Amino acid sequence: LSSDPLARFRDRFALPDGVIYLDGNSLGALPKSTPARIAEVIEREWGRDLITSWNKHGWIDLSQRVGDKIARLVGAGPGEVMVADSTSVNLFKLLAAALRLRPGRCILLSERGNFPTDLYVAEGLVELLGQSHELRLVEPEEIPGAIDDGVAVVFLTQVDYRTGRLHDLAEITARAHQAGALMLWDLAHSAGALPVDLRGAGAEFAVGCGYKYLNGGPGAPAFLYLRGDLQESIKTPLTGWLGHAAPFAFETAYRPAPGIGRGRVGTPPILSLAALEIGVDLMLEADMAEIRRASIALTEQVIAAVETRCPELRLVSPRDPARRGSQVSFAHPEGYAIVQALIARGVIGDFRAPDILRFGIAPLYVRPKDIDAAVAHLRAVLDGREWDRPEFRTHAAVT
Ligand SMILES: *Cc1c(COP(=O)(O)O)cnc(C)c1O
């Protein structure tokens with residue numbers, strides 16, 4: 001048995017020579033077959049067949065088709081996932097829909113360290129509703145105890161973007177249900193990184209990101225999941241024409257589309273969707289259990305190598321791989337400048353304020369030898385105090 005069972009996938013990505021890419025959790029790498037597919041959609045479908053492509057090339061069904069494929073990666077069934085909008089917008093739609101299902105309850109519960117957009121969107125929704133609701137934020141370990149009969153919806157990101165800490169999706173969902181609350185998962189750092197079983201857990205709602213582990217490209221559309229049995233009772237506040245039961249009847253009043261169709265709002269970005277489909281297809285060729293095994297082996301390797309060779313960095317990810325997603329993070333007061341010095345050497349990770357160096361491990365294209373090389377570069381950056389150069393200390397707009 002090869003020590004790198006996913007090695008066959010590495011060659012399917014267009015990674016530049018000399019680059020070790022440890023940021024697939026922020027922007028996934030480019031699959032080699034994406035440019036030709038995009039060129040085909042532009043030249044043949046858009047260029048030649050013009051508007052007839054909505055029918056002729058199935059553009060109108062593309063969001064649903066890719067959604068059904070993503071469903072297989074997150075433990076959902078056909079017709080339970082739709083590709084649409086951004087993760088932020090989908091969160092707004094689903095949080096609002098959740099509140100409508102629990103009219104007697106006023107609390108939206110999450111954790112303080114949740115990804116900012118999730119918190120900002122909830123804050124904006126509460127404000128829109130005229131402060132009739134309350135956004136309650138607690139520490140992660142306080143969540144189970146904070147789910148009481150005032151909570152309408154619990155919304156959490158399964159894998160913490162800073163530390164990689166992995167929530168027990170089934171356990172927290174069960175706890176929410178016990179208290180009569182609804183559960184919404186943000187799978188931004190889970191989809192394509194580890195097996196997820198939304199149906200098994202019975203979660204009502206989920207959202208996730210197309211441009212991270214799904215390799216859909218910059219700004220790829222996101223997805224949303226609505227549990228099948230609930231769909232007919234769901235109303236989102238963004239009632240656009242493509243979420244209508246009969247968009248081309250051009251009726252005056254809104255009638256929601258049956259099923260997951262109501263998760264759509266407006267016209268989907270076909271070019272980005274076509275690119276996302278390539279990334280998702282590639283992911284479906286691999287076995288998610290195999291991806292998880294490789295991810296654990298690689299993150300264990302990162303931790304062992306950094307702790308042995310670079311003890312000045314402090315591990316902030318959980319040490320137990322069962323409680324960790326597919327990234328490893330370390331703290332260091334000069335984290336930002338160290339990451340910049342690493343990037344100058346071709347080792348691309350990223351930095352998250354205040355002091356976290358984050359290394360995303362996308363098992364389809366990160367190899368064991370990449371980890372060894374990356375840690376050797378890290379040691380050299382520290383030994384040579386390479387981080388202590390003015391050009392590495394100025395913060396760019398995107399970190
Ligand atoms: C990346 C990420 C998002 C991204 O939201 P966009 O609307 O696509 O910008 C949302 N939530 C989490 C937890 C993320 O990690």
Side-chain angles (χ1 to χ4, degrees), residues 22-29 63 66-67 70 73-74 81-96 108-125 135 137 140 143 153-167 169 172 183-194 196 198 203 205-225 236 238 263-266 268-269 272-273 275-276 279-280 317 324-329 349-353 356 358-362 397-399:
L22 304 179
D23 216 355
N25 54 328
S26 239
L27 174 64
S63 323
V66 181
I70 293 173
L73 299 172
V74 295
V81 174
M82 178 64 82
V83 174
D85 306 306
S86 64
T87 306
S88 305
V89 171
N90 288 333
L91 262 162
F92 179 82
K93 286 145 68 177
L94 298 193
L95 281 175
L108 295 81
L109 179 71
S110 192
E111 63 180 287
R112 237 165 247 130
N114 199 349
F115 190 75
T117 207
D118 299 51
L119 301 180
Y120 301 161
V121 163
E123 188 186 312
L125 176 62
L135 172 59
L137 302 178
I143 290 163
V153 59
V154 182
F155 68 105
L156 294 169
T157 300
Q158 191 191 10
V159 178
D160 184 275
Y161 74 104
R162 281 202 183 89
T163 63
R165 184 232 51 235
L166 177 66
H167 276 304
L169 187 143
I172 296 179
M183 189 72 223
L184 189 163
W185 288 102
D186 185 334
L187 303 177
H189 293 276
S190 312
L194 45 98
V196 175
L198 286 172
F205 305 101
V207 296
C209 202
Y211 52 79
K212 292 173 178 162
Y213 292 97
L214 299 183
N215 304 309
F223 66 90
L224 61 89
Y225 155 86
T236 98
L238 296 184
R264 294 211 293 198
V265 180
S272 292
L273 250 175
L276 176 59
V280 171
S317 293
R324 191 168 71 221
S326 201
Q327 69 175 66
V328 187
S329 302
D350 64 20
F351 170 78
R352 287 295 173 260
I356 290 182
R358 190 171 74 150
F359 301 107
I361 306 298
V398 175
T399 64

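Note that this is a predicted model, so its numbers are computed, not measured. The residues of the chain are indexed from 1 along the displayed sequence. First listed ligand is number 1; within each ligand, the first listed atom is number 1.
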Protein heavy-atom partner closest to [atom] - residue, atom, separation in Å:
{"atom": "atom 5 (O) of ligand 1", "result": "T87 CB, 3.5 Å"}
{"atom": "atom 14 (C) of ligand 1", "result": "K212 NZ, 2.8 Å"}
{"atom": "atom 4 (C) of ligand 1", "result": "Y211 OH, 3.2 Å"}
{"atom": "atom 11 (N) of ligand 1", "result": "D186 OD2, 2.8 Å"}

- Task: Would you please test D186 and F155 for side chain to side chain contact (heavy atoms under 4.5 Å, CB included) and show each step?
- Result: CA-CA 7 Å; D186 185 334; F155 68 105; over 6 Å; no

* Asked: Does the side chain of T163 come under 3.5 Å of the side chain of S329 through a donor N or O and an acceptor N or O?
  ->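 Absent: no donor and acceptor within the cut-off.
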
Point to revise | R264 with D85: basic N within carboxylate O range, under 4.0 Å | key: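 Salt bridge: no.
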
**OP:** Answer yes or no: is there a donor N or O on one side and an acceptor on the other, between the side chain of N215 and the main chain of A29, under 3.5 Å?
**Re:**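 Pair found, side chain donor or acceptor close to backbone of A29.
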
* Backbone of F115 reached by a side-chain donor or acceptor of Y120 within 3.5 Å ->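 Not a single qualifying donor-acceptor pair exists.
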
(message) Heavy-atom distances under 4.0 Å decide this one: backbone, side chain, both or neither, for N114 against ligand 1?
(response)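 For N114, no heavy atom sits under 4.0 Å from ligand 1.
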
Subject >> ligand 1-proximal atoms of F115, by part, heavy-atom distance under 4.0 Å >> reply: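 Near ligand 1, F115 shows its side chain, while the N, CA, C and O stay back.
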
Pull out every atom of ligand 1 sitting under 4.0 Å from any heavy atom of [X], numbered as shown with elements.
{"X": "S86", "answer": "7 (O)"}
{"X": "T157", "answer": "13 (C)"}
{"X": "A188", "answer": "2 (C), 12 (C), 13 (C), 14 (C), 15 (O)"}

Before signing off on this row, confirm whether H189 and ligand 1 have an N or O atom pair separated by under 3.5 Å.
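Such a contact does occur with ligand 1.
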
Ignoring angles and geometry beyond distance, decide whether S88 reaches within less than 3.5 Å of ligand 1 through its nitrogen or oxygen atoms.
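The answer is yes, given that S88 and ligand 1 share an N or O pair closer than 3.5 Å.
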
Quiz item: If you take all heavy atoms of T157 and R165, which pair is closest and at what distance?
Solution: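 Closest heavy-atom pair between T157 and R165: O-NH2, 4.0 Å.
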
| field | Parallel, tilted or perpendicular: rings of H167 and W185 (30°, 60°) | value |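 Ring orientation, 0 to 90° scale: tilted.
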
Original post:
Of the options Q327, H189, R358, which is the one that meets S26 in a side chain to side chain donor-acceptor pair (under 3.5 Å)?
Top reply: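 Between S26 and the candidates, side chain to side chain donor-acceptor pair (under 3.5 Å) is satisfied uniquely by R358.
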
